[in-house]
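Okay, so here's the structure we're looking at.
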Amino acid sequence: MGTQGDENVGREQLEPPLRVRFAPSPTGMLHVGGARSALFNWVFAKRHGGALVLRIEDTDASRNRPEWTQGIIDSLAWLGITSAEYEGPYLQSEYAGQHAQAQRTLLEAGDAYYCDCAREAVVARTGDSHRGYDGFCRDRGLSSAAGGALRFRTPDVGRTVINDLVRGEVSFEHAALEDFVIARGDGSTTFLLANVVDDATARITHVIRAEEHLSNAPKQQLLWQALGHTPPTWAHVSILVDHARKKLSKRRNKVALEAYRDEGFLAEAMRNYLMLLGWSPGGDREIVPWKLIEAEFELSAVTSSPAFFDVDKLRAFNGEYIRALPLAEFIDACQPWLVGKSAPWQTTEFDAEVFAALAPHAQTRIVLLSEIVPMVDFAFLPHPVRDEQSWNKAMKEPAEQILDAAIAAFADVEWEPVALKAAMEQVSLRLGLKLGKAQAPVRVAVTGRTVGLPLFESLAILGRERTLRRLADAHRALQQSRLTTP
RNA sequence: GGCCCCGUCGUCUAGAGGCCUAGGACGUCGCCCUCUCAAGGCGGUAACGCCGGUUCGAAUCCGGUCGGGGCUACCA
């Protein structure tokens, strides 16, 4: 290795030793499986001082939509993979010229040939719809003018061995590889070739992708070689599966990263969880700082068996991350659900100071940020929500007396949690009830629900006037229903 | 059907021949704490698919078998 000369230093910086890429097709929102692949690529690059390239494979015009491209970019950024973290995004559609050039190279070298066989004709000849292409046109010398597809001529004997960082060596017999299509009748290049040309152009050294591509690897490796390039090192990570152990799919499962973000999953929890699907920091560690993952991740330590995407465990991770947030950050993270169109109250009714007082009590009680709304809505809605189930459960027999007594007791107590609790304890004592029983009607009258934040802290924050009014409202409603339906 | 991959508690995993009467986490069950609900603490439940072989010794190595999955388009 020559190290003399300043130009070499600069050159090495332009061409880092290791280059990886994430190459999604914009046929939908980024899904969790894709996100995991992106994360593996990103962390691998970080770990080894390499570069990450983002390439949008937008060559199927019929299924692509520009907004999906932006959605993918936004989702990646949410995970931490911002534009500063990668080269690109490059659009595959802009490299049609290079793809066409590769077609010519292959054709001229005799590695490819035109074929005008209809699928039915092939099946008719082989008598087997599972067999694949039979090589009928191999030596017919057809030209592109015939409007046929261009096929790659796979070797008849021998085998191709894929060197895979997570699976070891995987061997494929050439006899089992059909002459696959590399260009359509209209001249456009298919995935197998375009993907290879773009990777070679970007000088990709490691192709890290999901296992569903494993069977493409031998074909692509042959293409790399035919084009005169050294094939990359491969790494096929396992797929993510659903409850039925089937590959996660857009139509069967909820997989869009955006959907999880909108529900209130934290990006940090999501990426920590995704990394643990197939990889472990070792020992008994699971929830770990991202820095540690970047420092310790090893592709060779990634499991090769499929992993179930377990939302329950993701939720547990999210709860942990929410609780670990400094209060100010927790308050900040809740904002999207508190102000704006999704909030059930007018923005003018929201009071940041009141929320700040409520927040510490809510932080240990929610698993998704979106759950903050029913926790605190009593403080911002003019009237508490009326949850029928809660009402029916709490507003039973001694409820009217309890409300009565509470109104009297709260009329002149010192308005702070300890005094409020003491007053309520007096009430329950007098009625021969446990505090847990006696607080229920009060809680429902004031917050609308049987479960929620600690009651006396909530009352203290709500204020005497509003509390008393709600107690009276509930009392009146109870009286009325007693009179109308005996 | 063909090619290929995979196989430790229900789930994600630790485990790289003796440290394993298999560890952790999620889930689940019970107890404690407690104004509801959480959080927290304590404890329980539950796995090396099966059969052979190698070895003094196998979850770990080999073979087979069974089971699951991926791919099998002029989609990517």
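Hydrogens, waters and symmetry mates are skipped; everything else that's a heavy atom, side chains included, is used. Just so we're clear, the structure is a prediction, and the values are computed from it rather than from any experiment. Sequence lines set the chain letters: A, B, ... in the order given, protein chains first and strands last, and positions in each chain run from 1.
- The separation between Arg209(A) atom CZ and C5(B) atom C1' is 14 Å, rounded to whole Å.
- Here Asn216(A) lies in heavy-atom contact (under 4.0 Å) with a base.
- As a whole-Å value, the separation of Leu248(A) CG from U11(B) P is 16 Å.
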Using a cut-off of under 3.5 Å, enumerate the N/O to N/O pairs linking the protein to nucleotides 12-15 of chain B.
{"unit_1": "C12(B)", "atom_1": "OP1", "unit_2": "Arg245(A)", "atom_2": "NH2", "d": "2.3"}
{"unit_1": "C12(B)", "atom_1": "OP1", "unit_2": "Phe308(A)", "atom_2": "N", "d": "3.1"}
{"unit_1": "C12(B)", "atom_1": "O2'", "unit_2": "Leu276(A)", "atom_2": "O", "d": "3.2"}
{"unit_1": "U13(B)", "atom_1": "OP1", "unit_2": "Gly278(A)", "atom_2": "N", "d": "2.9"}

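- Distances were taken from every side-chain heavy atom of Arg167(A) (C-beta onward) to each of C6(B), A76(B), C74(B); the shortest belongs to C6(B).
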A correct 5'-to-3' footprint of nucleotides 31-46 of chain B, with B, S and - meaning base, sugar-phosphate only and no protein heavy atom under 4.0 Å, is ----BBBBSS------
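- The C1' atoms of A22(B) and G17(B) are separated by 15 Å, rounded to the nearest whole Å.
- At the heavy-atom level, Lys434(A) lies nowhere under 4.0 Å from the strands shown.
- Of the candidate nucleotides C74(B), C3(B), A76(B), C3(B) has the atom lying nearest to any side-chain atom of Ala176(A).
- A salt bridge links Arg55(A) with Asp199(A); the closest basic N to acidic carboxylate O contact falls under 4.0 Å.
- The residues Arg153(A) and Asp179(A) are annotated as not salt-bridged, no charged nitrogen and carboxylate oxygen being separated by less than 4.0 angstrom.
- Here Arg285(A) pairs with Glu296(A) in a salt bridge; the nearest charged N to carboxylate O distance falls below 4.0 Å.
- Map His243(A) and Leu192(A) each onto its nearest nucleotide of RNA chain B; the residue landing nearer the 5' end is His243(A).
- Comparing the C1' positions of U60(B) and G53(B) gives an interatomic distance of 15 Å, to the nearest angstrom.
- A16(B) sits 23 Å from G52(B) when the C1' atoms are compared, rounded to a whole Å.
- The ring pair (Phe, Tyr, Trp, His ring centres under 6.0 Å) pairs that include a residue from residues 131-161 of chain A are Phe152(A)-Phe180(A), where partners are two or more places apart or lie in different chains.
- A38(B) and C75(B): their C1' atoms are spaced 48 Å apart (whole Å).
- Looking at heavy atoms from C-beta onward, Trp279(A) lies in side-chain contact with Pro281(A) at the 4.5 angstrom threshold.
- Glu371(A) pairs by the salt bridge (charged side-chain N to carboxylate O under 4.0 Å, His left out) definition with Arg315(A), not counting sequence neighbours.
- Listed by chain and residue number, Lys254(A) satisfy the side-chain hydrogen bond (donor to acceptor under 3.5 Å, both in side chains) test with Glu263(A) (two or more places apart in sequence, or in another chain).
- In this structure, U21(B) makes no Watson-Crick or G-U wobble pair, since no nucleotide meets both defining distances under 3.5 angstrom.
- Contact check on Glu286(A) versus Lys313(A) returns a salt bridge, with a Lys/Arg side-chain nitrogen under 4.0 Å from an Asp/Glu carboxylate oxygen.
- OP1 and OP2 of A76(B) both lie 4.0 Å or more from every side-chain N or O belonging to Thr27(A).
- Atom CD1 in Ile162(A) sits about 17 Å away from atom P in C71(B), given to the nearest Å.
- Computed from coordinates, the Arg315(A) CZ to U11(B) C1' distance equals 16 Å when rounded to whole Å.
- Counting non-hydrogen atoms under 4.0 angstrom, Ala316(A) reaches the backbone sugars and phosphates but no base.
- When heavy atoms are screened at a 4.0 angstrom cut-off, His236(A) is found touching no nucleic acid atom at all.
- Across all strands shown, C71(B) forms a Watson-Crick or G-U wobble pair with G2(B), both key distances being under 3.5 Å.
- Across the protein-nucleic acid pair, Ile239(A) atom CD1 and G7(B) atom P stand 13 Å apart, rounded to whole Å.
- With both ends at atom P, the span from C5(B) to G43(B) equals 44 Å, rounded to whole Å.
- The CD-P distance, from Gln221(A) to C4(B), rounds to 15 Å in whole Å.
- Within the nucleic acid shown, Ser428(A) has no heavy atom closer than 4.0 Å to any nucleic acid atom.
- At whole-Å resolution of the value, CG in Leu314(A) and C1' in A25(B) are 14 Å apart.
- Atom name P, nucleotides C20(B) and C4(B): the rounded distance is 39 Å, in whole Å.
- Taking the six-membered ring where tryptophan is involved, the planes of Phe297(A) and Phe40(A) are essentially parallel, since the angle between them stays under 30° and well short of 60°.
- In this structure, Lys247(A) reaches the C71(B) phosphate: one of its side-chain N or O atoms is under 4.0 Å from OP1 or OP2.
- Nucleic acid contact for Ser171(A): sugar-phosphate only, since backbone atoms but no base atoms lie under 4.0 Å from a heavy atom of the residue.
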Between His31(A) and Tyr260(A), is the ring-ring contact (aromatic ring centres under 6.0 Å, His included) condition met? List the steps.
CA-CA 10 Å; His31(A) 67 98; Tyr260(A) 288 93; over 10 Å; no
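- With a cut-off of 3.5 Å on both Watson-Crick or G-U wobble distances, the partner of C66(B) is given as G7(B).
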Pairs of donor and acceptor atoms involving the side chains of residues 438-451 of chain A, under 3.5 Å and at least two apart or interchain, shall be tabulated with distances.
{"unit_1": "Gln439(A)", "atom_1": "OE1", "unit_2": "Arg443(A)", "atom_2": "NE", "d": "2.9"}
{"unit_1": "Gln439(A)", "atom_1": "OE1", "unit_2": "Arg443(A)", "atom_2": "NH2", "d": "3.3"}
{"unit_1": "Gln439(A)", "atom_1": "NE2", "unit_2": "Gly436(A)", "atom_2": "O", "d": "3.1"}
{"unit_1": "Arg443(A)", "atom_1": "NH1", "unit_2": "Leu453(A)", "atom_2": "O", "d": "2.7"}
{"unit_1": "Thr447(A)", "atom_1": "OG1", "unit_2": "Arg443(A)", "atom_2": "O", "d": "2.8"}
{"unit_1": "Thr447(A)", "atom_1": "OG1", "unit_2": "Arg449(A)", "atom_2": "N", "d": "3.3"}
{"unit_1": "Thr447(A)", "atom_1": "OG1", "unit_2": "Arg449(A)", "atom_2": "O", "d": "3.2"}
{"unit_1": "Arg449(A)", "atom_1": "NH1", "unit_2": "Pro374(A)", "atom_2": "O", "d": "3.0"}
{"unit_1": "Arg449(A)", "atom_1": "NH1", "unit_2": "Asp377(A)", "atom_2": "OD1", "d": "3.0"}
{"unit_1": "Arg449(A)", "atom_1": "NH1", "unit_2": "Asp377(A)", "atom_2": "OD2", "d": "3.1"}
{"unit_1": "Arg449(A)", "atom_1": "NH2", "unit_2": "Asp377(A)", "atom_2": "OD2", "d": "3.0"}

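- Taking atom C1' in both G10(B) and G18(B), one finds a spacing of 31 Å when rounded to whole Å.
- Side-chain atoms of Gln92(A) lie closest to A76(B) of the nucleotides A76(B), C4(B), C6(B).
- Both distances falling under 3.5 Å, in either a Watson-Crick or a G-U wobble arrangement, place C61(B) opposite G53(B).
- With rounding to whole Å, Lys219(A) atom NZ is found 13 Å from C75(B) atom C1'.
- The pair Arg140(A)-Asp116(A) meets the salt-bridge criterion, with a side-chain N (NZ, NE, NH1 or NH2) lying under 4.0 Å from an Asp/Glu carboxylate O.
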